[in-house]
Amino acid sequence: MVGKKALKKRIAVSQVAVIPGSFDPLTNGHVDIIERALGIFGRVVVGVLSNPSKSALFTEAERVAIIERQFARYKGQISVVSFSGLLVEFVKSVKSKVVIRGLRAISDFDYEAQMSLINRKLDDSIETLFLTAREEHSYISSTIVKQVALLGGDVSDMVPPGVVKSLEKKAGR
Ligand code: ADP
């Protein structure tokens, strides 16, 4: 049981939410989750994984720059920080207690549930919250976007306009 006083304290220190990911590159699905999180929390820190196990198309600096450009109008409310190492340590370093993840389909659930349980084991003061993807974004992943764009397909419905340009550059167009 959590006492009333402790609960109040918890809520008070939970005004910053962390949204971690590879963002290689940022998609409309990510943008939606980040903006919806900002509708709940006062401040959102987008944590860009600097050494994802998957080999990245965009460098860490490119991924950070794309996200910063996209959310430039939310200065002071959304910040973008790259990190490596344990997520719980990163969350603590930005004085947050909440991790937000997007859930696309039932298939995302197994991995996400495992990650949230591991993170709770490492630090049970940090909670993971899930926002379900909008139906129209539920098929979008960075992997699919990269595959289609590099083969010359149209991804303008899947990513912000700036990202379309960045992908065209990568594809040498
Ligand atoms: P990771 O490599 O850690 O899975 P991603 O960059 O793929 O990171 O995704 C970051 C976060 O955004 C994750 O919580 C992921 O579930 C969520 N996400 C990815 N694509 C979508 C989408 N189309 N709609 C909603 N959320 C998404």
Side-chain angles (χ1 to χ4, degrees), residues 14 16-41 43-71 74 78-91 93-94 96-120 122-123 126-150 153-164 166-167 170:
S14 297
V16 184
V18 171
I19 306 192
S22 317
F23 305 102
D24 183 43
L26 184 75
T27 68
N28 288 344
H30 295 136
V31 171
D32 181 56
I33 294 290
I34 293 166
E35 288 181 339
R36 282 163 60 198
L38 193 61
I40 307 169
F41 292 89
R43 212 159 72 73
V44 168
V45 176
V46 181
V48 178
L49 256 174
S50 64
N51 54 350
S53 48
K54 326 162 191 174
S55 63
L57 177 65
F58 291 91
T59 65
E60 173 193 330
E62 286 170 335
R63 287 179 278 142
V64 168
I66 286 172
I67 305 168
E68 278 178 342
R69 223 177 299 132
Q70 177 67 28
F71 296 110
Y74 296 108
I78 296 177
S79 42
V80 189
V81 183
S82 65
F83 77 101
S84 55
L86 287 176
L87 175 61
V88 290
E89 296 304 327
F90 174 65
V91 173
S93 77
V94 295
S96 175
K97 293 216 165 256
V98 179
V99 173
I100 294 189
R101 297 281 293 173
L103 269 189
R104 270 162 298 189
I106 310 296
S107 55
D108 270 351
F109 182 77
D110 279 357
Y111 174 75
E112 293 296 342
Q114 188 183 18
M115 288 307 293
S116 72
L117 289 170
I118 285 286
N119 286 330
R120 179 176 298 148
L122 293 170
D123 188 332
I126 292 172
E127 292 286 2
T128 304
L129 304 182
F130 297 103
L131 294 180
T132 44
R134 282 188 202 283
E135 210 179 307
E136 64 266 34
H137 296 148
S138 59
Y139 71 100
I140 303 174
S141 71
S142 296
T143 306
I144 282 288
V145 162
K146 282 183 282 191
Q147 281 173 355
V148 174
L150 294 178
D154 180 7
V155 291
S156 57
D157 277 352
M158 302 179 216
V159 297
V163 179
V164 175
S166 304
L167 282 162
K170 286 280 174 195

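Predicted model only: the values in this text are computed from it and were never measured. Atoms within a ligand are numbered from 1 in the order they appear, just like the ligands themselves. Residue indices begin at 1 and follow the sequence shown.
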| remark: Arg63 and Ser22 have their tightest heavy-atom pair at NH1-O, 2.8 Å

| message | Give the atom numbers and elements of ligand 1 that come within less than 4.0 Å of a heavy atom of Phe23. | response | 6 (O)

| remark: Counting from 1 in the order shown, the ligand 1 atoms closer than 4.0 Å to a non-hydrogen atom of Ile33 are 25 (C), 26 (N)

| Do the side chain of Ser142 and the main chain of Pro25 share a donor and acceptor less than 3.5 angstrom apart? | yes

| Side chain of Asp24, backbone of Leu57: donor and acceptor closer than 3.5 Å? | yes

| request: Find all atoms of ligand 1 within a distance of less than 4.0 Å from any non-hydrogen atom belonging to Pro20, and give their numbers and elements. | output: 10 (C), 11 (C)

| field | Ser50 side chain vs Phe83 backbone, donor-acceptor pair below 3.5 Å | value | yes

| Is it true that a side-chain atom of Arg43 and a backbone atom of Ser79 form a donor plus acceptor pair closer than 3.5 Å? | no

| request: Going by the side-chain contact (heavy atoms from CB on, under 4.5 Å) test, name the single residue among Val99, Ile126, Val88 that passes it with Asn119. | output: Val88

| Any nitrogen or oxygen of Ile140, main chain or side chain, under 3.5 Å from a nitrogen or oxygen of ligand 1? | yes

| task | Take Val45 and Ser96 through the test side-chain contact (heavy atoms from CB on, under 4.5 Å) and record every step on the way to the result. | result | CA-CA 9 Å; Val45 176; Ser96 175; over 6 Å; no

| query | Can an N or O of Ser22 be found at a distance shorter than 3.5 Å from an N or O of ligand 1? | reply | yes

| task | Return a yes/no value for Asp108: is any of its N or O atoms, backbone included, closer than 3.5 angstrom to an N or O of ligand 1? | result | no

| Any N or O on His30 sitting closer than 3.5 Å to an N or O of ligand 1? | yes

| message | Does ligand 1 come near enough to Gly102 that some N or O of the ligand is less than 3.5 Å from an N or O of the residue? | response | yes

| query | Which of the listed options, Arg101, Arg104, Met115, holds the heavy atom that is closest to atom 27 (C) of ligand 1? | reply | Arg104

